[in-house]
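Encoded as structure tokens, the structure appears first; notes follow it.
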Amino acid sequence: SPEKLVGRVAVVNISVKEPVTETRLAPEGTAAGLSAIIPEGYRAMTVAVNDVVGISGFIMPGTLVDVVVVIDPQQSNGMQQGPISKIVLQNIKVLANGQNIDKPDNQRDANSVKAVTLLVTPEQAEKLALASNEGRLQLMMRNSIDQGDEQTKGVDKRQLLGGDRAV
């Protein structure tokens with residue numbers, strides 16, 4: 001009934017003539033805005049991006065990404081071994097690009113943003129904070145159907161220059 005909708009916030013876009021169900025609404029008493037779409041047990045964390053890191057502005061709210069860090073680790077004797085790249089988070093949902101939490105009407109239009117807000121668990125937030133502070137982040141867009149995690153060893157300069165076989 002319409003009375004039950006007063007003061008409620010939608011967590012997904014609802015089209016005209018589409019039924020409004022409980023699953024499309026935030027819990028009663030939830031404030032509007034970004035906090036309404038953060039599920040229990042998750043956090044929203046924003047990372048700085050540029051056109052390269054943010055995949056030329058094509059990352060939209062709802063997109064799934066993997067996070068790669070390029071970092072210079074120190075060996076136990078304090079010597080540098082050179083930079084390595086490693087996937088640190090996988091299958092992470094983008095909540096917002098810039099201050100936009102809605103997908104644009106025309107999803108083909110890329111926009112330049114300086115920040116992307118990601119939906120992460122507290123443990124993932126710790127990884128993301130360290131990675132963004134100690135290294136350079138790169139986001140990789142993934143297909144929304146591909147939910148699998150890939151186990152990689154990372155790559156350093158030696159492996160990079162060793163070449164690769166065609167797959």
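Treat the numbers as computed from the prediction; the structure is a model and nothing was measured. Values below: every heavy atom of this structure, side chains too, minus hydrogens, waters and symmetry copies.
- Heavy-atom neighbours of K93 NZ from other residues, nucleotides or ligands within 6.0 Å: at or below the threshold of 12.
- Listed here is the closest heavy atom pair of P122 and G41: CD-O, 3.4 Å.
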**Asked** Going through the checks in order, is the side-chain contact (heavy atoms from CB on, under 4.5 Å) test met by T63 and M141?
**Response** CA-CA 7 Å; T63 302; M141 189 181 304; 3.6 Å; yes

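- When side chains are defined from C-beta on, N91 counts as touching R142, because their heavy atoms get closer than 4.5 Å.
- Considering only heavy atoms from C-beta on, Y42 stays 4.5 Å or farther from V120 through its side chain.
- Between P73 and G82, the closest heavy-atom pair is CD-O, 3.5 Å.
- Using a 4.5 Å cut-off on side-chain heavy atoms (C-beta onward), V94 and L118 make contact.
- When all heavy atoms are compared, the tightest approach of A131 to L137 is CB-CD2, 3.8 Å.
- For the atom pair CG of L139 and CG of D66, the computed distance is 9.5 Å after rounding to the nearest 0.5 Å.
- One distance of note links CD of E123 with CZ of R43; it measures 9.0 Å at 0.5 Å rounding.
- Rounding to the nearest 0.5 angstrom, the gap separating the NZ atom in K114 from the OG1 atom in T46 is 15.0 Å.
- Using a 4.5 Å heavy-atom threshold, the side chains of M45 and T117 count as separate.
- Taken to the nearest 0.5 Å, the CD atom of Q124 stands 4.0 Å off from the CD1 atom of I92.
- Taking the side chain as every heavy atom from C-beta outward, L119 and P39 approach each other to under 4.5 Å.
- Under the 4.5 Å side-chain criterion, counting only non-hydrogen atoms from C-beta, M140 is in contact with I87.
- Put simply, the side chain of N97 reaches to within 4.5 Å of the side chain of P61, judged on heavy atoms.
- Residues L64 and I59 do not share a hydrophobic cluster, clusters being chains of Ile/Leu/Val/Met/Phe/Trp/Tyr side chains in contact below 4.5 Å.
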**Request:** Test side-chain contact (heavy atoms from CB on, under 4.5 Å) on V70 and I84 and set out the steps.
**Result:** CA-CA 6 Å; V70 177; I84 63 168; over 6 Å; no

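- Using a 4.5 Å cut-off on side-chain heavy atoms (C-beta onward), V88 and L128 make no contact.
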